[in-house]
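We count ligands from 1, going down the list as the structure has it; atoms in each ligand are counted the same way. The analysis underlying the following values was restricted to heavy atoms, covering all of them including side chains, and did not include hydrogens, waters or symmetry mates.
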Amino acid sequence: MPTRRALITAAPLLVAGCSRCASPYDEAVRSLWRLPDLSGGGFPAMALIGAATLAANGHNTQPWRFKVEPRVIEILPDPTRRTPVVDPDNHHLFVSLGCALETLLQAGLGYGWAGEPAVLSGGGVRVVFSSVPARPDALFQAIPHRASTRTPYDGTPVDAATLRRLEAAVGQSVGLRLVLDGDARAKLSDMIVAGNDAQLADPAFMRELVAWIRFDAGEALARRDGLFTAASGNLAAPRWLGQRLLPLVMTRRSEADRLRRVVASSPGLAIFTGPAETPEAWIAVGRAFTRFALTATAEGLKLAFMNQPVEDLSTRRRLAAWLGEPAKRPDLVVRFGRGPDLPRSLRRPSRDLLVS
Ligand SMILES: Cc1cc2nc3c(=O)[nH]c(=O)nc-3n(C[C@H](O)[C@H](O)[C@H](O)COP(=O)(O)O)c2cc1C
């Protein structure tokens with residue numbers, strides 16, 4: 001999606017006030033992005049839900065609700081947080097639920113609770129937990145450090161052993177294609193730009209995206225969702241100004257240049273292809289991506305989605321053919337490499353997400 005990144009990376013447009021507004025935002029980030037110390041006690045349902053909400057999710061709509069029973073947590077889709085233009089068939093919504101599920105399971109293991117997930121007929125997931133020895137491993141520790149980092153990376157290659165660990169993290173049920181070679185990355189760049197062009201030309205896509213942009217810290221703090229411009233290294237502006245400046249700075253040409261630049265700065269991209277086009281398979285894709293992302297984070301790598309070629313239908317067909325699997329649906333495109341830490345995104349409080 002072109003603009004998500006653009007808005008978020010359209011640095012020059014966003015100017016005023018960040019030093020004044022940074023502090024409350026930073027405080028909210030500090031209290032959110034951590035795994036609480038739990039000593040003893042019973043089943044830590046709220047700590048596990050808090051960890052699950054730190055997962056990646058499309059447009060940061062946080063399209064989930066949670067139901068708690070003794071030693072059970074259900075993750076349920078929240079249809080009020082759909083993004084029907086970019087995600088007409090709820091693909092991203094179920095991938096996002098998969099991301100939350102995998103984060104919940106990894107957090108559970110770290111705290112000493114093994115979860116057994118079962119997909120529900122309505123598309124949610126019921127996880128039954130049992131007590132096990134706590135295993136606070138590298139993936140658990142990485143949960144509060146994983147982020148979408150949309151700046152250029154430093155281009156340094158990722159060594160073969162790390163790449164093997166990333167592949168192993170994905171497992172067998174979801175296909176992973178690593179794109180490392182310069183020519184192949186350039187071809188993928190062309191498809192990212194093509195998908196981006198199509199999205200930029202779609203007024204409905206733009207309206208939906210702008211509705212989820214949080215242009216300044218006040219807006220981001222009040223809503224605790226959406227795409228805060230500063231969380232990608234840019235400054236903030238009032239909505240009225242940001243919305244007006246956006247079309248001036250985000251042209252088709254400047255976007256294409258920027259996309260090619262960030263891809264060229266990334267030593268690798270990863271394309272995930274799930275086993276089927278069903279909510280259950282999309283949840284599996286979200287889980288596989290999250291294991292990949294937590295492994296990458298533990299290795300000191302940064303990641304960012306480049307999903308334009310899977311979101312635009314005609315580019316998706318082109319991508320599937322390029323991958324040599326024209327009958328399959330490529331689900332996610334992600335770039336990775338080494339880059340700076342950026343301000344983080346927010347989440348809504350867990351207590352507001354509970355249903356009975
Ligand atoms: C299914 C899915 C699709 C996404 N697509 C994009 C995308 O195309 N471009 C992008 O910059 N971020 C994309 N994201 C990342 C989300 O915007 C990001 O996870 C969210 O804003 C929360 O930020 P965080 O990942 O830093 O916690 C996607 C995430 C998911 C799970």
Side-chain angles (χ1 to χ4, degrees), residues 1-10 29 32-33 51-64 77 81-83 85-87 89-103 142-151 191-192 195-196 198-200 205 208-209 212-214 220 223-234 255 258-259 262-263 266 269 271-272 274 279 282-290 292-294 296-297 302-312 315-316 329-336 339 341-348:
M1 25 194 87
T3 16
R4 211 170 321 174
R5 279 166 304 271
L7 288 176
I8 325 190
T9 11
V29 163
L32 175 70
W33 287 95
T53 68
L54 300 180
N57 66 97
H59 278 15
N60 198 21
T61 69
Q62 304 161 40
W64 42 55
R81 291 185 163 259
R82 295 184 62 233
T83 48
V85 180
V86 70
D87 188 29
D89 58 3
N90 288 334
H91 169 277
H92 282 9
L93 184 149
F94 285 109
V95 171
S96 300
L97 291 195
C99 295
L101 171 61
E102 186 64 31
T103 310
I143 290 171
H145 301 289
R146 183 216 57 80
S148 300
T149 306
R150 300 180 179 91
T151 53
M191 286 181 263
I192 291 167
N196 201 63
Q199 291 181 325
L200 274 179
F205 174 89
E208 182 177 82
L209 178 65
W212 285 102
I213 298 284
R214 305 292 171 246
R223 304 287 298 270
R224 298 185 71 105
D225 63 9
L227 301 158
F228 179 32
T229 49
S232 284
N234 301 297
E255 269 290 273
R258 188 184 58 76
L259 291 169
V262 295
V263 170
S266 309
L269 292 98
I271 303 171
F272 295 78
W282 297 333
I283 288 171
V285 169
R287 293 190 60 185
F289 160 76
T290 298
F292 180 97
L294 292 177
T297 302
K302 300 289 198 288
L303 309 99
F305 288 90
M306 307 294 287
N307 278 332
Q308 298 92 334
V310 298
E311 291 169 346
D312 174 58
T315 317
R316 187 160 82 220
R329 173 180 183 159
D331 290 285
L332 298 173
V333 180
V334 176
R335 66 185 175 95
F336 55 90
D341 288 326
L342 293 181
R344 310 296 296 281
S345 58
L346 292 181
R347 298 293 190 273
R348 292 173 295 151

Practice problem: Run the numbers for me: atoms of ligand 1, each under 4.0 Å from some heavy atom of Ser345, listed by number. | Solution: 22 (C), 23 (O), 24 (P), 26 (O), 27 (O)
Exercise. May I ask you to list the atoms of ligand 1 that are less than 4.0 angstrom from any heavy atom of Asn307?
Key: 3 (C), 4 (C), 5 (N), 6 (C), 8 (O)
Practice problem: Answer with side chain, backbone, both or neither: which part of Leu227 has a heavy atom less than 4.0 angstrom from an atom of ligand 1? | Solution: side chain
Exercise. Run the numbers on Val285 and His91 for side chain to side chain contact (heavy atoms under 4.5 Å, CB included), then give the verdict.
Key: CA-CA 10 Å; Val285 169; His91 169 277; 5.6 Å; no
Quiz prompt | Minimum heavy-atom distance between Val310 and Leu332, given as atom pair plus value | solution = CG1-N, 4.2 Å
Quiz item: When you check the side-chain N and O atoms of Asn90 and Asp87, is any donor under 3.5 Å from an acceptor?
Solution: no
Quiz item: Which atoms of ligand 1 have any heavy atom of Ser96 under 4.0 Å away?
Solution: 31 (C)
Exercise. Would you indicate whether the side-chain heavy atoms of Gln199 and Val86 approach each other to under 4.5 Å?
Key: yes
Exercise. Answer side chain, backbone, both or neither: which part of Arg347 comes under 4.0 Å from ligand 1, heavy atoms only.
Key: side chain
Quiz item: Is Ser148 in polar range of ligand 1, meaning some N or O pair under 3.5 Å apart?
Solution: yes
Quiz item: Are Leu303 and Thr297 close enough that some pair of their side-chain heavy atoms sits under 4.5 Å apart?
Solution: yes
Self-check item: Proximal ligand 1 atoms for Ala147, defined as those under 4.0 Å from one of its heavy atoms
Solution: 26 (O)
Quiz item: Is it the side chain (CB and beyond), the backbone, both or neither of His91 that lies under 4.0 Å from ligand 1, heavy atoms counted?
Solution: neither
Quiz item: At under 4.0 Å between heavy atoms, which part of Met306 makes contact with ligand 1: side chain, backbone, both or neither?
Solution: neither
Exercise. Check each heavy atom of Arg344 against ligand 1 and say whether those closer than 4.0 Å belong to the side chain, the backbone, both or neither.
Key: neither
Exercise. Side-chain contact test, heavy atoms from C-beta onward, threshold under 4.5 Å: evaluate it for Leu227 versus Arg150 and give yes or no.
Key: yes
Self-check item: ligand 1 versus Val95: contacting region, heavy-atom distance under 4.0 Å
Solution: side chain
Quiz item: When you measure from atom 16 (C) of ligand 1 to each heavy atom in Asn60, Asp225, Asn57, which option holds the nearest one?
Solution: Asn57
Exercise. State, yes or no, whether a side-chain contact exists between Asp225 and Thr61 at a heavy-atom distance under 4.5 Å.
Key: no
Quiz item: Judging by distance only, is a nitrogen or oxygen of Arg146 under 3.5 angstrom from one on ligand 1?
Solution: yes
Exercise. Report the relative orientation of the aromatic rings in Phe289 and Phe305; use parallel for angles under 30°, tilted for 30 to 60°, perpendicular for over 60°.
Key: tilted
Practice problem: State the atoms of ligand 1, each with its element, that fall below the 4.0 Å cut-off from a heavy-atom position in His92. | Solution: 1 (C), 3 (C)
Quiz item: If every non-hydrogen atom of Trp33 is compared with every non-hydrogen atom of Ser345, which pair is closest and at what distance?
Solution: NE1-O, 2.8 Å
Quiz prompt | Any side-chain heavy-atom pair of Asn57 and His92 under 4.5 Å | solution = no
Self-check item: Residue Ala56 vicinity, atoms of ligand 1 by number, heavy atom under 4.0 Å
Solution: 19 (O), 31 (C)
Practice problem: Would you check whether Trp33 reaches within less than 4.0 Å of ligand 1, judged by its heavy atoms? | Solution: yes
